[in-house]
Student: 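Next up is a structure, given as structure tokens.
Just so you know, ligand 1 is whichever comes first in the structure, and atom 1 is the first atom listed for that ligand.
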Amino acid sequence: MCGIVGRITHVPFDIHDILESLKRLEYRGYDSFGIATAEGDVFKATGYIDVHANEIPSRLTSVAISHTRWATHGKVTRENAHPHVSQDGTFFIVHNGIIENHAPLRKALQAAGHTFLSQTDSEVIVHYIEGRVSDGASIDEAIRAFMNEARGTFAALLIRRDDPHIYAFKRDSPLVLGILDDGYAVASDIYAFSDTTTKAVFFEDDEYAVISADSYAFFDARGAPIGKEIATVRWTEAATRDEAYDHFMIKEIHEQPAAARRLILSLENEQAPFMDQLVTLARTANRVLFVAAGTSYHASLIGVYLLNSIGVEAHTLIASEFHNYMLADEGTLVVAISQSGETMDVVKAVKHARSRGSKVASIVNVPYSTIQRLSDISIEILAGQEICVASTKTYTNQILVLARMAQLMGLETDLDAIPDQIEQTLSYAEPAVIAMAPELRDVRDIYVIGRGIAYPLSREVALKLKEISYIHAEGMMGGELKHGTIALIEDGTIVMSFIQNADHDTMSNIEEVEARGARVISISDNSEFSPDFLLPASVPGSFAITATIVGQLFSYYIAREKGLPIDKPRNLAKSVTVK
Ligand code: AGP
């Protein structure tokens, strides 16, 4: 995880300007941050940038690097915040990724007299470079030696005191150069500089670049120069706060009808050729294997459900176990689903699938992301930037792409009806959820059950309750409850149940838990069941969206009751770029 931003210009800039760019990467991690300049100034703090930026004095510089952290190695302390400084105080590094062999590297460096000030894996990089340079190597040579010796993942920016260059190198973790009017920016992704330029150069694995205010040069790991294409990126407008909403989460929940309409239009028009290619790949493949993590995995389960319902063989697996449990081969179409397009587990699974000869398609929100660039064909979900760590509108749009794919392959559904259904659900369910939230604020456990298409959404709602409301929640197949979990049901236990259409089996499960004292909150599109929440009559696929929205609202309003940090929940990051 972690976000990194560097900037190098002719005309000096205030270091607070780079913090503004860094803030746009806080979704990658937000436990601490820091900045270093080529004049040798280093400022670090734990906590959010907004809260602590005023502790950092204004300072003009022409070369600076900065970092926002999601702790992997070492607690959240000022010492562990980046940038890290070399022993002699002349080199400064920021790093996103994990240096897997940091322990032996650290040991060797300590034996050579280096003293470490942090518990991070990242600090070895700066000591290593300093060590090589003091042994007579050039900085280029030192970087190449590091890339050769390091195991693991890295996107790193290095500066040296009084040296008018930024040195940037990467493997697996993303890195992109932005071409500014007056110099260059280099960052984890284009959001960091998308307000200032549309010209970008993407780093590939095992490349490094030497950047001055006038020019840049890319090299491979052996030091051979590489010609790089300059991409003109489409404007990726960063989301802004809207005074009408207290949090990005509720803003993004309310953006769902508009985001859905925008996507449906695009899938039927400008993205129609890509959808056709996706369908052709799916039709010619022996089977479709989805791969994803977290919320995107829950969306992929809906994809499996919809494709299987029309006789197309499809499976899915959580990305971190894909290589262990899925047989990708030349006859397989692997469809990676990822909001960020940067989730490391998904990147690894895609690389694994490619190495086995599979075709790869992707469904992403962030254009030019690593997963999109690794894919044979990519569909964009056009949800707009999602700031809250919790996925809401992006889940809805992922499902719409999958429903469109199934529709093109024979599913009878009416996608155009869905944005209106979302609107109706929001205006009907929100007041009721607000009224119920106070009585749920002190609940410790919630069991969420559903069958068929309601099973994946039960898992998604449980995930929302965990990450945003900090309530232990289990999303499960209704049929599985009686095989063990029902032992936990006692007087007052909350069971949220999702019942689509004529699902009498889930109704029976409700009877079973009520008989044991559970308090059931039922959500259905069928008035026959007299549910607590009666949703609009669904079309194939739509219940997965409308019913989940009720769960999104519950997680938001319960968290609000509890006064939790909704957009940036503890221990999480929006983009999980470590294994
Ligand atoms: C869910 O609300 C989280 N944001 C998380 O589970 C997320 O879906 C997961 O980390 C995958 O992210 P991706 O879609 O960017 O790959």
Side-chain angles (χ1 to χ4, degrees), residues 1 3 25-30 70 173-174 188-189 191 247-250 252-253 256 290-303 316-322 334-350 360 362-375 378-399 401-402 456-457 459-471 473 475 548-549 551-556 559 564-579:
M1 345 264 253
L25 298 191
E26 261 191 319
Y27 73 87
R28 305 178 70 92
Y30 38 77
W70 185 86
S173 303
S188 300
D189 68 40
Y191 282 131
H247 299 94
F248 276 105
M249 183 175 180
I250 192 69
E252 288 159 1
I253 287 173
Q256 290 178 101
F290 290 103
V291 63
T295 293
S296 301
Y297 169 72
H298 301 148
S300 77
L301 278 167
I302 308 280
T316 186
L317 195 67
I318 287 176
S320 55
E321 289 298 333
F322 188 82
V334 170
V335 181
I337 306 181
S338 174
Q339 183 285 128
S340 60
E342 298 294 350
T343 300
M344 182 61 75
D345 291 336
V346 185
V347 171
K348 289 278 179 199
V350 164
V360 174
S362 62
I363 299 172
V364 301
N365 193 37
V366 179
Y368 310 100
S369 52
T370 302
I371 291 167
Q372 180 170 80
R373 288 183 295 115
L374 284 170
S375 309
S378 186
I379 307 296
E380 291 180 11
I381 63 170
L382 306 180
Q385 193 182 10
E386 193 174 61
I387 299 281
C388 178
V389 161
S391 306
T392 53
K393 59 179 179 172
T394 54
Y395 165 83
T396 288
N397 277 18
Q398 287 169 343
I399 291 174
V401 171
L402 295 164
L457 79 87
R459 293 192 56 181
E460 173 56 12
V461 169
L463 179 61
K464 290 282 142 323
L465 290 166
K466 282 186 275 201
E467 66 178 336
I468 300 302
S469 324
Y470 299 171
I471 292 175
T548 303
I549 286 171
Q552 292 170 356
L553 291 168
F554 267 112
S555 70
Y556 175 75
L564 297 176
I566 292 175
D567 288 333
K568 291 175 179 166
R570 71 179 169 219
N571 303 339
L572 294 175
K574 180 112 189 115
S575 183
V576 183
T577 57
V578 292
K579 279 192 275 181

Student: Say whether, by atom type as modelled, one donor and one acceptor occur between the side chain of E386 and the main chain of T392 under 3.5 angstrom.
Tutor: yes
Student: List every atom of ligand 1 that sits less than 4.0 Å from any heavy atom of E467, numbering the atoms from 1 in the order shown and giving each element.
Tutor: 1 (C), 2 (O), 3 (C)
Student: Check each atom of ligand 1 against the heavy atoms of S391 and keep those under 4.0 Å away; list them by number with element.
Tutor: 1 (C), 2 (O), 3 (C), 4 (N), 8 (O)
Student: Does S575 have a heavy atom less than 4.0 Å from any atom of ligand 1?
Tutor: no
Student: Considering heavy atoms of the protein only, find what lies nearest to atom 10 (O) of ligand 1 and give residue, atom and distance to 0.1 Å.
Tutor: V576 CG2, 3.9 Å
Student: Given T577, I371, T343, identify the one with the heavy atom nearest to atom 13 (P) of ligand 1.
Tutor: T343
Student: Pull out every atom of ligand 1 sitting under 4.0 Å from any heavy atom of L463, numbered as shown with elements.
Tutor: 1 (C), 6 (O)
Student: Which atoms of ligand 1 are found less than 4.0 Å from any heavy atom of K464?
Tutor: 1 (C), 2 (O)
Student: For ligand 1, is E342 a contact, meaning one of its heavy atoms is under 4.0 Å away?
Tutor: no
Student: Is the side chain of E460 donor-acceptor paired with the backbone N or O of A299 at a distance under 3.5 Å, no angle test?
Tutor: no
Student: Give the contacting part of L572 toward ligand 1: side chain, backbone, both or neither, where contact means a heavy-atom distance below 4.0 Å.
Tutor: neither
Student: Which residue owns the protein heavy atom closest to atom 11 (C) of ligand 1, what's the atom, and how far is it?
Tutor: A293 O, 3.3 Å
Student: Set out, in order, the CA-CA distance, both residues' side-chain angles and the distance that settles side chain to side chain donor-acceptor pair (under 3.5 Å) for S362 and S378, then state yes or no.
Tutor: CA-CA 5 Å; S362 62; S378 186; 2.8 Å; yes
Student: Only heavy atoms of A390, strictly under 4.0 Å: list the atoms of ligand 1 that pass.
Tutor: 2 (O)
Student: Please check this pair: side chain of N397 against backbone of I381, looking for a donor-acceptor N/O pair closer than 3.5 Å.
Tutor: yes
Student: Does either side chain, that of K464 or that of T295, offer a donor lying less than 3.5 Å from an acceptor on the other one?
Tutor: yes
Student: Under the side chain to side chain contact (heavy atoms under 4.5 Å, CB included) rule, what do R570 and Y470 come out as? Steps first, then yes or no, please.
Tutor: CA-CA 9 Å; R570 71 179 169 219; Y470 299 171; 3.3 Å; yes
Student: Can you sort out which atoms of ligand 1 are near S296, meaning under 4.0 Å from one of its heavy atoms?
Tutor: 8 (O), 13 (P), 14 (O)
Student: Do T394 side-chain atoms and S391 backbone N/O form a donor-acceptor pair below 3.5 Å?
Tutor: no
Student: For S469 and K466, indicate whether the former's side chain and the latter's backbone hold a donor-acceptor pair under 3.5 Å.
Tutor: no
Student: Considering heavy atoms of the protein only, find what lies nearest to atom 15 (O) of ligand 1 and give residue, atom and distance to 0.1 Å.
Tutor: S340 OG, 2.7 Å
Student: Go through ligand 1 atom by atom and flag the ones less than 4.0 Å from a non-hydrogen atom of V389.
Tutor: 2 (O), 3 (C), 4 (N)
Student: V360 vs L374, test: side chain to side chain contact (heavy atoms under 4.5 Å, CB included). Steps then yes/no.
Tutor: CA-CA 8 Å; V360 174; L374 284 170; 5.8 Å; no
Student: Kindly say whether Y368 contributes a backbone atom to a donor-acceptor pair with the side chain of Q372 at under 3.5 angstrom?
Tutor: yes
Student: Please identify which atoms of ligand 1 are closer than 4.0 Å to at least one heavy atom of Q339.
Tutor: 13 (P), 14 (O), 15 (O), 16 (O)
Student: Among V346, T295, I318, which one puts a heavy atom closest to atom 1 (C) of ligand 1?
Tutor: T295
